Amino acid sequence: MNFGFTQEQEMLRDQVRRFMTEACPMATVRELTAIDAPFSDSLWNQIAELGWLGLIVPEPYGGIGLKWIDLALVLEETARGLSPLPILSQALATAAVLRAGNDEQRANWLPALASGTTRATLALYDEPNWFDPKAVTLTGTTVDGGIELNGRKPFVSDAMSSDQLLLACHGPAGLSLAVIGQSQVTVTREPSMDTTKPTGSVHLDHVHVPDGCLMPLTNEDLAYLSDCGAVAVTAEMVGAADTTLTMTCNYAKERIQFGKPIGQYQGVKHRLADMFVDVESFRSLLYYAAWCVDDAPDELPRAISLAKGYASDAFAKIGIDGVGLHGAIGFTAEYDVQLYLKRSKWSRPMYGDSDYHLERVATLGGI
Amino acid sequence: MDFEYTPEEQAFREEVRGFLAENLPPKSERNKDFLATWLTKVREKGWVGFSWPREFGGSDGGLIEQAILREEMALAKAPPLGTSFMGLAWVGPGIIRYGTEAQKKKFIPDILDSKVTWCTGYSEPNHGSDLASIQCKAVPEGDNYVVNGQKTWTTGAAFSQWIILLTRTRFDVDVKHDGITCLLVSMDTPGIDVRPIENMAGDKHFAEIFFTDVKVPVENRLGTEGDGWKVTVSALANERSSIGEVTQMFAKLDTLKALVKRTKKQGQPAGRDPKVRRTLAVFETRVAAMKYNGLRYLTKQIKGEPLTSETSVNKLHRASLEIEMDDFAVELTGQAGLQLRGGSDAVANGKWAKSSLNWPNVVIGGGTPNIQRNIIAERILGLPKD
């Protein structure tokens, strides 16, 4: 029984934390997320070199062959400073190829995903808040040697910076993932609350997808990838919520009102203590869920629903109270805590809000 | 990260399970004789004071074995391993750490053999959460301390033979934590007057105690004079993993789910009501959070890293869950939920109604939720003290 991290894992955590603090501080995040800011190839190449993009890719495909628990650590740490790098999207696209790709597709795509030379993203559902095979509505028509896609795929994370888009659709063989080059489509960046999570919609106009670029997807595969998505998002929530708490504590120690630091008043300190209880708790649940992905897949649905069911409500409240406890300054664009509130809003519906996950906890718990 | 147990740990779990299968009859068949036999048998196994050093009658049980033992006992809904909860939880460990050889010889075996029950004299009418301000006075006079003052909310005072008593031996101190002395006092000593207090559930679990010129031999002082605060804090800090509690909370959750399944709300099965489903699921996320928090902290302890005040996290969860789960059951069952034992329409013979009035036992004893929040805010988050 050991519910802790190895020395190697702690070293990985330290490495990510150090690198992100130095190479991607908040000033850089703000630059990179400005409208029309170019993608930072230099940062991307550096993290690719550090191996973070190939963590879960097996060694024969050029990866490091680690597990989701290691990936979760990296996502937690990169989210501490709200890094806009599409590590989460890359990881989910990778997980999709690992899960649904045949030998040839794995051999074709995984090495480039692991090395970062191809950037990719995964988009499953066409509905904004429904996680079910029926919520995939994009449908292809059969053409010679493949399918043709017309229409629009909304809610595609990091679509603008991705070379390859993995889009769920219904084809003649049923549910599939279509792997499409960005040059074949038109991507529109959607204005959205959290600029550190750029999101686009993808317009498909007579896009031909050859059979070799289709990966059939069972309902179980779809559910698995949704759960992986929830694990990845919740891992980022742990890092971002932890920073919100630290920032707010630091402010409460410095801000003097009525002659005392506001952190001395129980109205403030007790709320901060409750935030700690929540972050600590969904952190524990998330580590367990991330461990389940590789080591207890049967338990993954319940485990991740416990974690994201908890985190979705808790982080939303932490985001609001983080701003609220700062008072008016927290409301200014210049102050960073508001960016965390926006991240908490982004995190909530991604791969299931608390209603979705708590309902699943109830069902799996026999109610 | 793994959740596997070594073959030795697994063998220990099997041993506990085997023992329980053989020696723990169903609840309906557990009579008075059973309890005496049970206490003797678990004592023979070395499971009472399991973590205590062998030289004092314990078994030197490791952290994981302790967790396994507690988990299996809780799963089987077994009775406690001794009759003196406080003796086993903090008086014994306190005596082992700070006691004289004579005290160890005198007190430890009786705690392990369930011959003596201890209570804890900490709170006073004016000093509860602010424990270090206690005023109960002990004055050295020859071979004795003479104690005058009052304690209150003392759980089990009416049936305990001994009390671990926090007194003040010096009043002219700069820091209130100084000048406190811990005494071990027989409840038979002349000058002790115990007056039980009825709580809102109608129980008389706790009492107020008046001390009038009570003579306590100096040899019954625990630790050095004036050092009582340190003794108390380290005794209270004798925290164990919360594995046993978590198992109990999961069992309570299961009972609650079963109640939901047989209950109707507005003529419909309650289990279909979205609010009911969500509430139960929220309880489950929090009990599961307690479980995995507990395992993380246990792992830290096993690795030899000091725990700071993380245990307050699970205490806060437990406090709110105890209150909310009972309250949910009472609300769910409408007017029937209000009936106490014996009521024609009582739910589970009034068990939920009763426990919905008894939560302060768990929630306030050992530090109120707001004190736990202060602990987290000040000791973990580094916020300034009040």
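Note that the structure is a prediction, hence the values are computed from the model and not measured. Every chain is numbered from 1 and lettered A, B, ... according to where its sequence line falls, protein lines coming before strand lines. In what follows, every heavy atom counts, from backbone to side chain, and hydrogens, waters and symmetry copies are set aside.
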Quick one: what part of A:L364 sits under 4.5 Å from any heavy atom of chain B, side chain, backbone, both or neither? neither
Side chain from CB out, backbone as N, CA, C, O: work out which of these in B:L316 comes under 4.5 Å of a heavy atom of chain A, or both, or neither. side chain
Over all atoms of both residues, closest heavy-atom pair of A:L306 and B:A288: CD1-CB, 3.7 Å
Look at A:P261, A:G365, A:A252 and state which one has the largest set of heavy-atom pairs under 4.5 Å with chain B. A:G365
Spacing of A:F5 atom CZ and B:M1 atom CE [to the nearest 0.5 Å]: 3.5 Å
Do you know which of A:V277, A:I367, A:V268 has the most heavy-atom pairs with chain B at a distance under 4.5 angstrom? A:I367
Please determine, among B:A281, B:G271, B:P384, the option with the most heavy-atom pairs under 4.5 Å with chain A. B:P384
Under the side chain to side chain donor-acceptor pair (under 3.5 Å) rule, collect the residues that match up with B:K351, sequence neighbours excluded. none
Can you tell me how far the CG atom of A:L272 sits from the CD1 atom of B:I380, to the nearest 0.5 Å? 12.5 Å
Scan chain B against chain A and return every donor-acceptor pair whose distance is under 3.5 Å.
residue : atom : partner : partner atom : Å
B:M1    : O    : A:W291  : NE1          : 3.2
B:D2    : N    : A:N2    : O            : 2.9
B:D2    : O    : A:N2    : N            : 2.8
B:E4    : O    : A:M1    : N            : 2.4
B:K257  : NZ   : A:G365  : O            : 3.0
B:K261  : NZ   : A:G366  : O            : 3.1
B:R277  : NE   : A:E359  : OE1          : 2.9
B:R277  : NE   : A:E359  : OE2          : 3.1
B:R277  : NH1  : A:I367  : O            : 3.0
B:R277  : NH2  : A:E359  : OE2          : 2.7
B:R277  : NH2  : A:T363  : OG1          : 3.1
B:R277  : NH2  : A:I367  : O            : 3.2
B:R278  : NE   : A:D355  : OD1          : 2.8
B:R278  : NH2  : A:D313  : OD2          : 3.4
B:R278  : NH2  : A:S354  : OG           : 2.6
B:R278  : NH2  : A:D355  : OD1          : 3.0
B:E284  : OE2  : A:R302  : NE           : 2.9
B:E284  : OE2  : A:R302  : NH2          : 3.0
B:N293  : OD1  : A:S284  : OG           : 2.5
B:N293  : ND2  : A:S281  : OG           : 3.2
B:R296  : NH1  : A:E280  : O            : 3.4
B:R296  : NH1  : A:S284  : OG           : 2.7
B:R296  : NH2  : A:E280  : OE2          : 3.3
B:Y297  : OH   : A:E280  : OE2          : 2.8
B:T299  : OG1  : A:F3    : N            : 2.8
B:K303  : NZ   : A:F5    : O            : 3.0
B:H317  : NE2  : A:S281  : OG           : 2.7
B:N370  : O    : A:H270  : NE2          : 3.4
B:N370  : OD1  : A:H270  : ND1          : 3.4
B:R373  : NE   : A:D274  : OD1          : 2.8
B:R373  : NE   : A:D274  : OD2          : 3.3
B:N374  : OD1  : A:Q266  : NE2          : 3.3
B:N374  : OD1  : A:H270  : NE2          : 2.7
B:E378  : OE2  : A:K269  : NZ           : 2.7
B:L381  : O    : A:K253  : NZ           : 3.0
B:P384  : O    : A:K269  : NZ           : 3.0
B:K385  : O    : A:Q264  : NE2          : 3.0
B:D386  : OD1  : A:K269  : NZ           : 2.9
B:D386  : OD2  : A:Q266  : NE2          : 2.6

Quick check: closest heavy atoms across B:A377 and A:A273, and the distance to 0.1 Å? N-CB, 4.3 Å
Does any heavy atom of chain B fall under 4.5 Å from the side chain of A:I69, the backbone, both, or neither of them? side chain
Measure B:L381 against the heavy atoms of chain A and call it side chain, backbone, both or neither at under 4.5 Å. both
Which heavy atom of B:A289 sits nearest a heavy atom of A:L285, and at what distance? N-CD2, 3.7 Å
Look up atom CE in A:M1 and atom CD1 in B:I68, then write down how far apart they are to the nearest 0.5 Å. 9.0 Å
I want to check something: taking the side chain as every heavy atom from C-beta on, are B:L298 and A:F3 in contact at a cut-off of under 4.5 Å? no
Between B:V282 and chain A, which part of the residue has a heavy atom less than 4.5 Å away: side chain, backbone, both or neither? both
